[in-house]
S.K.: 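Dropping the structure in here first, questions after.
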Amino acid sequence: MEDIKTSRSEVNQSQPLMRISGAEAIVRSLLAEGIKTIYGYPGGAIMPVYDELYKFQDQLHHVLTRHEQGAAHAAQGYARVSGRVGVAIATSGPGATNLITCIADAMIDSTPIVCITGQVGAHLLGTDAFQETDVIGISTPITKWNYQITRAEEIPEVFAKAFYIAQSGRPGPVLIDVTKNAQFDFMNFTYEKCTGVRSYEPEININLKKISKAVELINQAQKPLIVWGQGVILGNAEVEFKQFVEKSGIPAVWTILGLSALPTDHPLNMGMVGMHGNYGPNILTNQCDLLIAVGMRFDDRVTGDLNTYAKQAKIIHLEIDESEVNKNVEVDIVILGDCKDSLPLITQSIKPKEYPKWVQEFKDFYQIEYDKVIKREFYPKSDGLTMAETIDKLNAQTGGDAIIVTDVGQHQMVACRYAKFTQTKSNVTSGGLGTMGFALPAAMGAKMGAPDRQVVAIIGDGGFQMTIQELGTIFQSEIGVKIIILNNNFLGMVRQWQQLFFDKRYASTELINPDFVAIAKGYFIESKKVEKREELDEAIKVMLSHDGPYLLEVVVEKEENVFPMVPSGACVSSVRLE
């Protein structure tokens with residue numbers, strides 16, 4: 001293991017060394033990192049730790065999920081809204097492998113979580129012992145760092161390093177695998193928080209010459225455009241970003257993970273870019289003369305065809321992770337570092353400007369989109385409910401103050417397009433990996449990470465059934481999350497592609513669903529099904545005012561499509577409205 005720079009706290013300096021088991025050392029390490037809540041599922045190889053959790057239950061709250069996937073997704077939701085590290089714990093073998101999807105999700109979406117897995121005894125490693133799986137080998141490509149502990153003495157140092165790596169620089173998941181003998185063995189315990197790791201330098205000195213060049217380009221631009229991503233939120237740079245937007249006067253658009261960093265009603269917030277983004281932001285990406293990318297990685301769902309993406313524009317990229325620079329899009333100026341530090345340097349030097357004609361172009365395109373798409377979705381002529389009008393009515397009653405957690409599919413794109421936000425860290429979704437089943441457990445974690453805020457999970461009928469068992473966790477742990485199932489009896493996004501690109505051959509996408517309301521009641525959760533428009537407002541009101549968890553099933557049109565849409569691999573300015 002690499003050298004670790006540490007600083008001993010005053011408490012540790014005054015306390016004598018304690019001789020304790022490795023399992024107790026794990027619990028005390030978590031407490032030393034300020035962890036108060038963890039999510040997990042017990043098993044044989046992690047049982048010594050659970051025995052210690054029982055003894056420390058007044059200090060460390062363990063939430064028993066119904067599946068290990070639920071534990072790690074809950075840790076993600078907790079991390080995304082709280083800004084702290086989420087923690088999930090599981091046993092070896094299938095328990096560990098059930099975390100893998102979530103770890104991959106956290107890696108691509110830069111979510112700081114620490115996953116702890118039990119492992120067979122060190123003397124059994126490599127023997128194919130019962131429930132032995134090489135989780136280190138499996139997780140290496142999808143973790144920021146992982147490590148297998150085989151001796152109790154390693155525990156404090158490894159845990160300190162894990163939490164430091166997970167939350168520093170570009171955040172991400174870390175996995176610690178602990179053999180059973182290391183949990184049972186005794187060691188002299190003292191804990192020192194990690195403040196640095198040799199060869200790992202998350203803090204980057206900002207190049208002032210590049211700041212000057214960026215300022216020059218911004219001052220000269222006639223049609224500049226800001227595209228921001230989750231880096232603004234992860235860097236806690238919302239205030240600095242808003243100041244930059246307002247002084248520059250530049251219209252700003254967002255990726256789905258950047259949503260909520262700037263209030264949705266801000267006059268320079270022009271909407272979403274990408275496959276199902278707004279009409280104007282997509283078309284005008286290919287008409288701007290300067291594109292300023294802040295904390296985003298030029299994902300293919302944002303850029304479409306790279307051969308046609310913003311070729312007419314100079315590009316400035318503010319990015320904390322050097323590996324993302326020039327990976328997909330060649331840029332003119334790279335400003336490495338935390339945007340919380342780099343943005344103020346730009347803001348203080350640029351000239352205050354306004355671009356009324358340029359901003360009006362976005363508004364004109366929005367009017368076209370409203371007339372052809374939005375108006376039809378908000379005020380449909382048919383009797384069937386739409387996903388968009390459900391989100392619109394939810395906005396009216398939450399005032400944009402709720403945390404919205406979405407699953408993956410049509411409902412996700414509709415929610416991201418139409419949900420209103422007044423506060424940051426309010427949009428929680430699976431972006432890069434697109435993990436169905438994410439929303440229900442992530443909403444549990446989000447509610448526990450922000451207990452004083454209203455948390456609403458928007459889920460499709462397909463994704464809901466992937467982690468439906470977490471209703472048991474919600475009931476047992478009394479988690480007051482609100483759940484809206486937008487039920488179209490289809491795997492809607494796949495069906496839309498089948499309709500548009502596969503001549504309506506709906507292969508394995510129609511769902512015969514169970515009675516969701518009855519299932520919720522089976523878990524002692526209040527629930528209601530709505531099929532008529534005149535019932536929707538009151539049903540949402542009842543849901544939001546209910547003291548405790550609530551499930552609302554909204555039956556929506558079966559073959560509703562989500563537009564605008566940029567076909568996969570097409571130019572972003574080829575966005576379709578129908």
Side-chain angles (χ1 to χ4, degrees), residues 38-41 65 67-80 85-119 133-148 162-163 165-177 229-231 233-234 255-257 296-302 320-321 323-324 327-328 405-409 412 427-446 459 462-463 466-467 470 493-494:
I38 64 173
Y39 304 87
Y41 203 96
T65 58
H67 192 282
E68 291 88 357
Q69 181 180 356
H73 281 327
Q76 286 180 271
Y78 178 90
R80 292 272 288 273
V85 178
V87 179
I89 184 169
T91 193
S92 63
T97 58
N98 281 340
L99 299 176
I100 293 300
T101 295
C102 316
I103 294 170
D105 192 289
M107 184 66 175
I108 200 165
D109 282 355
S110 305
T111 305
I113 61 172
V114 170
C115 293
I116 305 161
T117 54
Q119 185 55 274
T133 300
D134 180 10
V135 69
I136 294 297
I138 293 170
S139 66
T140 294
I142 55 168
T143 49
K144 198 173 172 188
W145 182 64
N146 64 12
Y147 189 84
Q148 185 176 76
F163 279 90
I165 290 175
Q167 59 194 317
S168 59
R170 179 181 178 179
V174 172
L175 182 137
I176 307 171
D177 193 42
Q230 191 185 200
I233 297 171
L234 294 174
T255 70
I256 61 170
L257 292 180
M296 55 86 75
R297 58 187 179 84
F298 293 107
D299 173 74
D300 65 292
R301 288 296 171 103
V302 168
I320 198 169
D321 184 355
S323 71
E324 294 292 350
K327 184 175 79 174
N328 298 324
V405 185
T406 52
D407 212 80
V408 172
Q412 176 192 31
N427 173 56
V428 181
T429 194
S430 173
L433 197 64
T435 305
M436 291 180 68
F438 172 87
L440 189 61
M444 300 186 317
I459 315 178
M466 287 195 169
T467 49
E470 296 309 329
M493 187 61 81
V494 182

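Each residue takes its place number in the sequence, starting with 1.
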S.K.: For I165 and Y147, run side-chain contact (heavy atoms from CB on, under 4.5 Å): C-alpha distance rounded to whole Å, both residues' side-chain angles, the deciding distance at 0.1 Å, then the answer.
M.R.: CA-CA 12 Å; I165 290 175; Y147 189 84; over 6 Å; no
S.K.: Do C115 and I103 touch side chain to side chain, with heavy atoms closer than 4.5 Å?
M.R.: yes
S.K.: Give the intermediate values and the outcome of side-chain contact (heavy atoms from CB on, under 4.5 Å) for residues I116 and V87.
M.R.: CA-CA 8 Å; I116 305 161; V87 179; 4.0 Å; yes
S.K.: State, with a plain yes or no, whether a side-chain heavy atom of T429 is found less than 4.5 Å away from one of V405.
M.R.: no
S.K.: State, to 0.1 Å, how close Q412 and I256 come at their nearest heavy-atom pair, and which atoms those are.
M.R.: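 So the minimum-distance heavy-atom pair works out to NE2-CD1, 4.2 Å.
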S.K.: Would you find a donor on one side and an acceptor on the other, under 3.5 Å apart, between the side chain of K144 and the backbone of S110?
M.R.: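 Not a single qualifying donor-acceptor pair exists.
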S.K.: Check the side chains of D177 and Q119 for a donor-acceptor pair under 3.5 angstrom, ignoring hydrogens and angles.
M.R.: yes
S.K.: In Å, rounded to the nearest 0.5 Å, how long is the span from CD1 of I320 to CG of L234?
M.R.: 8.5 Å
S.K.: Among residues at least two apart in sequence or on other chains, which ones pass side-chain contact (heavy atoms from CB on, under 4.5 Å) with A106?
M.R.: Q76, T111, I113, P173
S.K.: When you look at R297 and N328, which way does the side-chain contact (heavy atoms from CB on, under 4.5 Å) test go after all the steps?
M.R.: CA-CA 8 Å; R297 58 187 179 84; N328 298 324; 5.6 Å; no
S.K.: Is the shortest heavy-atom distance from the side chain of I176 to the side chain of T117 under 4.5 Å?
M.R.: no
S.K.: Can you see which heavy atom on L99 is nearest to which on A72, and at what distance?
M.R.: CD2-CB, 3.9 Å
S.K.: Can a donor-acceptor pair be found, under 3.5 Å and without considering hydrogens, that links the side chain of T65 to the backbone of H67?
M.R.: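 Confirmed, T65 side chain pairs with H67 backbone.
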S.K.: Compare all side-chain heavy atoms of T406 with those of V428 and state whether any distance is below 4.5 angstrom.
M.R.: no
S.K.: Report yes or no: does D105 contribute a side-chain atom to a donor-acceptor pair with the main-chain N or O of L433 at less than 3.5 Å?
M.R.: no
S.K.: Can you check whether M493 reaches V408 side chain to side chain, under 4.5 Å on heavy atoms?
M.R.: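 Heavy-atom side-chain distance check fails, nothing below 4.5 Å.
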S.K.: Please give me the minimum heavy-atom distance between Y78 and V85, naming the atom from each residue.
M.R.: CE2-O, 4.0 Å
S.K.: Mind checking what makes salt bridge (charged side-chain N to carboxylate O under 4.0 Å, His left out) contact with R301, not counting sequence neighbours?
M.R.: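 Partners of R301 by the salt bridge (charged side-chain N to carboxylate O under 4.0 Å, His left out) criterion come out as none, since no residue qualifies.
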S.K.: Not counting sequence neighbours, which residues clear side-chain contact (heavy atoms from CB on, under 4.5 Å) with M466? List them please.
M.R.: M436
S.K.: Drop me the distance from L440's CG to H73's NE2, to the nearest 0.5 angstrom.
M.R.: 10.5 Å
S.K.: For I138 versus I142, what's the shortest heavy-atom pair and its separation?
M.R.: O-CG1, 4.4 Å
S.K.: Do E324 and R170 touch side chain to side chain, with heavy atoms closer than 4.5 Å?
M.R.: yes
S.K.: For the pair V174 and N146, evaluate side-chain contact (heavy atoms from CB on, under 4.5 Å) and give the outcome as yes or no after the intermediate values.
M.R.: CA-CA 6 Å; V174 172; N146 64 12; 5.8 Å; no
S.K.: Rounded to the nearest 0.5 Å, how far does OG1 of T91 lie from CG of N98?
M.R.: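 Rounded to the nearest 0.5 Å, the CG-OG1 separation comes out at 11.0 Å.
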S.K.: Going by heavy atoms in the side chains, are I100 and E68 under 4.5 Å from each other?
M.R.: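 With C-beta onward as the side chain, the pair stays apart.
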S.K.: Determine the minimum heavy-atom distance between A166 and P112, stating which atoms define it.
M.R.: O-CB, 3.3 Å
S.K.: When you compare the side chain of T255 with that of Q230, does any pair of heavy atoms fall below 4.5 Å?
M.R.: no
S.K.: What heavy-atom pair brings Y39 and A74 nearest, and what distance separates the two atoms?
M.R.: CD2-CB, 3.6 Å
